[in-house]
Amino acid sequence: MFSFFKRFKGSKESDTAADESQAVQDGAQPEAASPVPAAAPASQAAIVLEPQPEEPADAAFETVETVEIVPPPVQDAGARRSWLTRLKSGLSKTSSNLTGIFVGTKIDEDLYEELETALLMSDAGVEATEFLLESLREKVRSERLTDPQQVKTALRTLLVELLKPLEKSLMLGRAQPLVMMIAGVNGAGKTTSIGKLAKHLQSFDQSVLLAAGDTFRAAAREQLAVWGQRNNVTVVAQESGDPAAVIFDAVGAARARKIDVMMADTAGRLPTQLHLMEELRKVKRVIGKAQDGAPHEVLLVIDANTGQNALTQVKAFDDALGLTGLIVTKLDGTAKGGILAAIARQRPIPVYFIGVGEKVEDLQPFSAEEFSDALLDV
Ligand SMILES: Nc1nc2c(ncn2[C@@H]2O[C@H](COP(=O)(O)OP(=O)(O)O)[C@@H](O)[C@H]2O)c(=O)[nH]1
Ligand SMILES: [Mg+2]
């Protein structure tokens with residue numbers, strides 16, 4: 001298996017990260033001084049699904065190290081090719097539409113019109129489409145391009161520029177635990193993505209604890225619990241009740257056990273369900289009470305097949321929660337991929353990961369270059 005983690009040294013972000021982790025370490029000192037009981041540290045109401053019989057007695061997690069998740073600089077070549085192939089095949093509907101436009105010999109109005117249609121059909125939305133077309137016309141003029149293939153290359157450059165701000169690494173090690181809250185509509189892929197991420201994090205020596213904050217459906221809790229047992233990850237769950245309470249307990253458990261990353265699953269909801277959005281805001285507030293500065297990440301999982309509706313979700317969840325990142329799933333289905341251009345133009349929130357399937361290795365960091373190449377079949 002390959003991992004996409006890299007040790008991180010010396011950037012502006014690492015300075016902030018070091019400050020934050022220091023603050024957290026300071027805050028956690030009284031706890032560190034008193035020995036942590038091996039038994040479940042969460043309150044009695046919580047069921048701690050503990051796959052390991054004993055708490056590991058090592059101090060390995062005591063030093064907070066800043067780690068960055070990045071597209072792998074050196075990766076197993078086969079795995080890399082396989083990922084790119086899956087990404088390309090996922091986006092093939094759009095790429096076949098787009099590339100067909102540039103096979104002719106002339107750069108004329110027809111070309112621009114066909115391109116407009118193809119971009120709109122790819123879910124890029126009116127704003128990003130107009131932006132790309134305008135910029136492309138300008139580039140064709142200023143660079144005196146004459147060959148449609150050059151126009152395609154210019155479009156690739158513009159796409160990369162547009163999508164680049166979405167490319168951001170998820171910084172680990174800023175706090176212990178680093179608390180990530182995961183939100184999204186039903187079926188977007190929250191629980192699956194949490195599972196995949198947990199496995200990736202483990203493969204980079206990060207200890208993980210999950211909170212089954214989807215208390216709405218019993219099946220959701222079971223899904224996470226079964227997954228946790230299979231993969232040796234502690235899952236904090238509760239028979240019923242308040243998601244905020246479960247997640248509060250889980251943060252306590254993660255702190256006591258010196259867990260590196262805690263991920264909180266939440267119940268799916270539509271942004272139009274105002275009382276449920278309010279419940280999510282409460283979850284976020286309560287996490288902040290359990291640990292200063294938490295949640296460190298509020299991630300929204302969106303299903304790329306929902307097209308322009310995904311943008312509506314991004315805006316609504318961002319307005320309610322203040323999102324720090326996105327996970328875009330199911331780019332292997334009928335997804336057309338242009339939605340990322342719409343997001344980049346209208347609500348540029350970092351896309352930490354994209355998913356092209358149900359297997360663990362099908363979730364990878366987002367790369368503007370890779371994505372643009374897949375869209376244009378370069
Ligand atoms: N094809 C495909 N299926 C996915 C992907 N991510 C998640 N799924 C599937 O989508 C379904 C819903 O996922 P789940 O994690 O339960 O969604 P949740 O309701 O948001 O927690 C499951 O069948 C997953 O296997 C992906 O990237 N590609
Ligand atoms: Mg779920």
Side-chain angles (χ1 to χ4, degrees), residues 39-51 177-199 201 208-257 259 261-291 294-303 313 316-317 320-325 327 329:
S43 87
Q44 283 183 333
I47 304 162
V48 178
L49 300 157
E50 176 60 274
L178 184 84
V179 181
M180 304 207 273
M181 173 179 169
I182 320 290
V185 305
N186 260 330
K190 293 180 293 299
T191 309
T192 316
S193 298
I194 288 173
K196 290 173 182 170
L197 264 180
K199 253 199 118 92
L201 291 165
V208 178
L209 185 141
L210 306 179
D214 184 354
T215 54
F216 206 62
R217 296 177 307 148
R221 192 176 62 233
E222 298 311 317
Q223 187 188 356
L224 205 63
V226 166
W227 189 92
Q229 263 149 6
R230 209 185 296 137
N231 293 281
N232 219 31
V233 169
T234 303
V235 177
V236 174
Q238 221 172 69
E239 279 300 338
S240 62
D242 187 13
V246 182
I247 295 171
F248 184 85
D249 280 339
V251 175
R255 283 170 66 109
R257 290 157 187 238
I259 293 287
V261 182
M262 196 215 105
M263 283 186 274
D265 198 7
T266 61
R269 60 210 55 219
L270 292 172
T272 47
Q273 298 168 312
L274 292 180
H275 62 294
L276 291 178
M277 290 302 273
E278 185 47 48
E279 187 186 84
L280 268 189
R281 274 201 288 268
K282 178 177 157 197
V283 166
K284 190 184 171 198
R285 274 197 309 274
V286 166
I287 291 176
K289 290 194 173 143
Q291 184 182 342
H296 308 93
E297 299 286 351
V298 182
L299 305 184
L300 180 72
V301 179
I302 50 173
D303 174 345
Q313 290 168 24
F317 278 88
L321 294 171
L323 298 175
T324 61
I327 296 176
T329 63

Report task. Show the numbers, then the answer: is there a side chain to side chain contact (heavy atoms under 4.5 Å, CB included) between Ile327 and Leu197? Result -> CA-CA 11 Å; Ile327 296 176; Leu197 264 180; 4.0 Å; yes

Query raised in the report: Only one of Thr266, Asp265, Asp214 forms a side-chain hydrogen bond (donor to acceptor under 3.5 Å, both in side chains) with Thr191, so which one is it?
Result: Asp265

When rounded to the nearest 0.5 angstrom, what distance separates [atom1] in [X] from [atom2] in [Y]?
{"X": "Leu224", "Y": "Gln229", "atom1": "CG", "atom2": "CD", "value": "10.5 Å"}
{"X": "Leu178", "Y": "Glu297", "atom1": "CG", "atom2": "CD", "value": "6.5 Å"}
{"X": "Phe248", "Y": "Gln291", "atom1": "CZ", "atom2": "CD", "value": "11.0 Å"}

For a quick test of reading the model, state the closest non-hydrogen atom pair linking [X] to [Y] and the distance between them.
{"X": "Gly228", "Y": "Val235", "answer": "CA-CG2, 3.8 Å"}
{"X": "Pro243", "Y": "Val283", "answer": "CB-CG2, 4.2 Å"}
{"X": "Val301", "Y": "Ala188", "answer": "O-CB, 3.4 Å"}
{"X": "Trp227", "Y": "Gly195", "answer": "CZ2-O, 2.7 Å"}
{"X": "Ala198", "Y": "Leu210", "answer": "CB-CD2, 4.5 Å"}
{"X": "Leu280", "Y": "Ala183", "answer": "CD1-CB, 4.0 Å"}

Query raised in the report: Can any side-chain N or O of Lys282 pair as donor or acceptor with the backbone N or O of Ala244 at less than 3.5 Å?
Result: no

**Report entry** Heavy-atom donor-acceptor pair, Lys190 side chain to Gly184 backbone, under 3.5 Å
**Finding:** yes

Flag the pair [X] / [Y] as yes when at least one side-chain heavy-atom distance between them is below 4.5 Å, and no otherwise.
{"X": "Leu209", "Y": "Pro177", "answer": "no"}
{"X": "Ile247", "Y": "Met181", "answer": "no"}
{"X": "Thr234", "Y": "Arg257", "answer": "yes"}

**Report entry** Chi angles and distances behind the side chain to side chain contact (heavy atoms under 4.5 Å, CB included) call for Ile302, Thr329
**Finding:** CA-CA 6 Å; Ile302 50 173; Thr329 63; over 6 Å; no

Requested in this report: Flag the pair Glu278 and Arg281 as a salt bridge only when some basic side-chain nitrogen lies within less than 4.0 angstrom of an acidic carboxylate oxygen.
Outcome: yes

